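Nothing fancy with the numbering, it's 1 onward along the sequence. Order of listing sets the numbers, starting from 1, for every ligand and every atom in it. No experiment lies behind these values; they were computed from the predicted model shown.
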Amino acid sequence: MASTILAGGISKAKETMSSRHSKKIADLASDTKDVHDKSRRITSDFGVKQTNTDDWLKVASEDKTGPMLLEDPFAREKIHRFDHERIPERVVHARGAGAFGKFTLFESASDVSFAGVLTDTSRETPVFVRFSTVLGSRGSADTVRDVRGFAIKFYTDEGNWDIVGNNIPVFFIQDAMKFPDVIHAGKPEPHNEVPQAQTAHNNFWDFQYMHPEATHMFMWTQSDRAIPRSYRMMQGFGVNTFTLINNKGERHFVKFIFTPELGVHSLVWDEALKLAGQDPDFHRKDLWEAIENDGYPKWKFGIQVIPESKENDFEFDILDATKVWPEELVPIRYIGQLELNCNPDEYFAQTEQIAFCTSHVVPGIGFSDDPLLQGRNFSYFDTQLSRLGINWQELPINRPVCPVLNHNRDGAMRHTITKGTVNYWPNRYEAVPPTSVKEGGYVDYPKKIAGFKARMRSKKFREHVNQAQLFYNSLSPPEKAHVQAALGFELDHCDDPVVYKRLCDRLTEIDLSLAQNVAELVGGDVPQQAKRENHGKRAKGLSQMDYMPSEPTIATRRVAIIIADGYDAVAYNGIKAALSAAGAIPFTIGSRRNPIFAAGESKESDKGVTPDHHLEGMRSTMFDSIFVPGGSHVETLRKNGRALHWVREAFGHLKAIGATGEAVAFVKDACQLPGVQFSNSGEVVDSYGVVTASQVSPQSFKEVVKMAKGAKDFV
Ligand code: HDD
C-alpha cells in the first residue's frame with residue numbers, strides 16, 4: 001500500500017525528528033514534550049495533576065445538574081487558554097508550510113566572502129525553510145495564482161542568517177515605501193473583503209497599470225511560475241542585492257539562487273483552480289509526504305557575483321529589485337546544496353512562530369543600498385513585534401544555536417535569566433564586552449557615501465520594459481500561451497473597463513500580438529500598433545524548460561492505478577513494481593475502499609487488494625499520472641461516470657496515462673481522441689502522452705514509466 005500522509009504520519013515524524021542529527025533539532029529537544037509518552041499524565045499549566053478535564057465543577061447530583069462554579073481553576077484555565085490561542089496572522093505570506101534540513105557547500109566561496117557558512121565545506125548548517133503564498137489568509141488554498149515565499153533560516157555557528165526570498169527573481173516595486181500600496185491593492189478589496197487569495201480583481205490590476213515598475217513582475221506572475229506543482233519543484237531567489245566581504249576587505253554584490261534537483265514544474269491552471277477546492281492543502285501535504293517517504297527535496301545553491309568596481313557597468317541598476325541579472329552577463333556559480341529532511345513536530349510552535357528578518361546577516365555578508373532591501377530591514381523586525389512580542393528571538397524555533405548574551409533586558413515574556421549585577425556597557429567589571437574583529441565580530445563595510453537628501457530614484461531605475469520583453473521572449477511557445485490565457489482569466493475578472501482596457505494598452509509595450517490576443521479576449525480595444533518595439537532579445541534561465549533535470553525522473557510523483565473487481569493482477573502488480581522501482585509513489589484507487597478482487601479471485605477465498613482510496617474520494621487532479629490495467633473490471637469502469645471522468649480529466653490536463661489489455665479501448669473512449677491511432681497488435685503506442693499495450697509485458701511497464709517521465713506535466 002502506498003505510504004500516504006495519513007498513514008502513520010505522526011509516529012514517523014517523531015521518529016524522524018529525534019533520530020536525525022542536527023544541532024538545531026538537538027537544541028529544540030529540551031523544549032519538546034511528547035504526548036505519545038505513555039508515562040505522562042494530564043496536568044494544569046501550573047503543574048497539578050488533574051482528575052477530570054471534561055466537567056466544569058458544579059453544584060450537581062445524580063438527579064439534577066445545578067449551576068457551575070467560578071471557583072474551578074482548571075475549567076477557567078482551559079477556557080482562558082483557548083480564548084487566546086490565536087496570534088495575528090502574518091500581514092502577508094500568512095499561509096505557509098515548512099521543514100527542517102541542512103545546508104552544505106561543495107565549493108568554498110572564500111574568494112568573495114569570509115562567512116563560515118559560505119566557506120567551510122566540512123560544515124552542515126541546520127536550516128528551517130518556510131514556503132508560503134503571499135496574498136491569502138492562513139486558511140486559504142495552496143494552489144492559487146500567486147508568488148510563493150521561500151524563506152530560509154540558517155542556524156550558523158556565527159548566528160542566524162535569513163534569506164527571505166520568493167520563487168520569482170524580481171519584485172513589483174523598487175522602493176519599500178510602496179509595499180503597503182502593492183499589498184493593499186492585491187489583498188481582498190476594502191469594501192467587501194473579496195476576493196480571497198486572488199489577483200484577479202480591479203484593484204490589483206489598477207495598481208499594475210499605475211506602476212510601470214511592476215510590469216516585469218506581473219509578467220512572471222502570469223506565467224506558470226505562479227502555479228507551481230509543488231514547493232519542491234520551484235526555484236528560490238533572494239531577490240534583493242546583498243554584498244559579500246572577503247578576507248582582503250573587498251566587497252562584491254551578490255544574488256542568491258536555489259534551483260531544485262527535480263526541475264521547475266507547474267500545474268495547469270484548470271488543475272490549480274480545481275485543487276483549490278478539492279485539496280486546499282495540496283502543497284503542504286506534498287512537502288510533508290515527500291519527506292515522510294524519504295524523498296528529500298534538494299536544491300542547488302548558487303551565487304551571482306559582481307565586483308564592486310563593476311557596479312555601474314550594466315544598462316540596468318544592479319540595486320533595482322525589478323531586474324534580473326541575466327546569466328549571460330553574470331553567470332550563476334553553484335556552490336552548495338539545500339536539503340529538507342525532517343518535518344516539524346508542531347505547526348504552531350515551529351512553522352507559525354518562526355520569524356524571519358532580512359536584516360539578519362552574519363559576518364562576511366552585508367547589505368547593499370537596494371532601496372527595497374533597506375526598507376525590508378526595518379519592516380520584518382517590526383512585524384515580529386506585533387505577531388510575537390519583543391522577546392520573539394527567544395522562542396525555541398527562532399533562537400540561534402550559538403551563544404547569545406548582551407545587555408538587552410526585560411520585555412513581555414522574557415525567558416532568559418541573566419545573572420550578574422550590571423546590565424550596561426561599559427561597566428566596571430568589563431562584563432560582556434564587544435567582540436573584536438579577530439574574535440569574529442561583525443564588520444560593517446566602511447563605505448564612503450556622499451549625496452543629497454532627496455525623495456527620488458536614479459535614472460536607471462526608470463526603465464521598466466526591457467526585461468519584461470526579455471522574459472516574455474525567452475519563454476517557450478506553450479509558456480507564452482499560458483501567459484496569454486492567464487491574463488485573459490485575470491482581466492476577465494475585472495469589471496471596470498478602465499482597468500482592463502488600460503492594461504491591454506500596457507501590453508503593447510511588451511508584445512503586440514500578446515496585447516492583441518488578450519484585448520480580443522477580455523474586451524479591450526484591440527491595438528494595431530506596438531507602443532514600443534520588442535527588442536527580440538532572449539536570455540537563458542528564464543523559461544522553466546531551462547531547468548529540466550539532466551535525466552528525466554518520475555521520483556516522488558503520485559501515480560493512480562485504477563481498479564475494480566476483475567482487474568488484471570499481472571498488469572496491476574507489474575506496473576506497481578515498475579513505478580516503485582523508478583521512485584514514484586503508486587496509489588491504488590478502487591471502485592470502493594473495501595478489498596477489490598482480481599480476475600479469478602473471490603471474496604470467499606481471497607484477501608483481495610485494499611485500495612488506498614476510492615474513485616469518489618479523490619480526483620485525478622491530485623495525481624501526476626494514471627494507469628488502468630486490463631481485465632474484465634473495465635466493464636464496471638465503463639459504467640462508472642467518475643471513472644470515465646478520471647481518465648478524461650487527466651488527459652485534459654495533459655497527464656501521462658497508461659493502459660493495458662481491455663483498458664486500452666476504455667481509455668481511448670474516455671479521452672475521445674480524434675484521429676489517434678491505438679495499436680491492437682500488442683506493441684506499445686504513445687500518442688498525446690497516452691501509452692497503451694494490448695498485451696502485458698515487462699516492456700509495456702517500462703514504456704509507461706518512460707512516458708510518464710517525459711510527459712508534459714513532468715517538463
Ligand atoms: Fe516580505 C513576509 C518575501 C518585500 C514586509 N516576505 C515575507 C515572507 C517572505 C517575503 C517569503 C514570509 C516569511 C515567512 O515565511 O515568515 N518580501 C519578500 C520578498 C520581497 C519582499 C522576496 C521583495 C524582494 N516584504 C517586502 C517589503 C516589505 C515586506 C518591501 C516591507 C517594506 N514581508 C514583509 C512583512 C512580513 C513579510 C510585513 C510579513 C510577515 C513577516 O514579514 O514576518 O514584514
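When each of K323, R457, R506 is paired with E213, the salt bridge (Lys or Arg N to Asp or Glu O under 4.0 Å) condition holds for R457 and for no other.
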What does the contact table look like for ligand 1 (nitrogen or oxygen on each side, cut-off under 3.5 Å)?
{"residue": "ligand 1", "atom": "6 (N)", "partner": "H93", "partner atom": "NE2", "Å": "3.4"}
{"residue": "ligand 1", "atom": "6 (N)", "partner": "Y380", "partner atom": "OH", "Å": "2.8"}
{"residue": "ligand 1", "atom": "15 (O)", "partner": "R130", "partner atom": "NH1", "Å": "2.6"}
{"residue": "ligand 1", "atom": "16 (O)", "partner": "R90", "partner atom": "NE", "Å": "2.7"}
{"residue": "ligand 1", "atom": "16 (O)", "partner": "R90", "partner atom": "NH2", "Å": "3.2"}
{"residue": "ligand 1", "atom": "17 (N)", "partner": "R376", "partner atom": "NH2", "Å": "3.2"}
{"residue": "ligand 1", "atom": "17 (N)", "partner": "Y380", "partner atom": "OH", "Å": "2.7"}
{"residue": "ligand 1", "atom": "25 (N)", "partner": "Y380", "partner atom": "OH", "Å": "2.8"}
{"residue": "ligand 1", "atom": "33 (N)", "partner": "Y380", "partner atom": "OH", "Å": "2.9"}
{"residue": "ligand 1", "atom": "43 (O)", "partner": "Q384", "partner atom": "NE2", "Å": "2.8"}
{"residue": "ligand 1", "atom": "44 (O)", "partner": "S379", "partner atom": "OG", "Å": "3.2"}

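Between the side chain of W205 and the main chain of T199, a donor-acceptor pair closer than 3.5 Å is present. Without hydrogens or angle criteria, D146 side chain to L135 main chain gives a donor-acceptor distance under 3.5 Å.
The ring of F314 has its center no closer than 6.0 angstrom to the ring center of W325. The aromatic ring centres of W161 and F242 sit 6.0 Å or more apart.
Using cut-offs of 30° and 60° for the angle between ring planes, the Y231 and F131 rings count as parallel.
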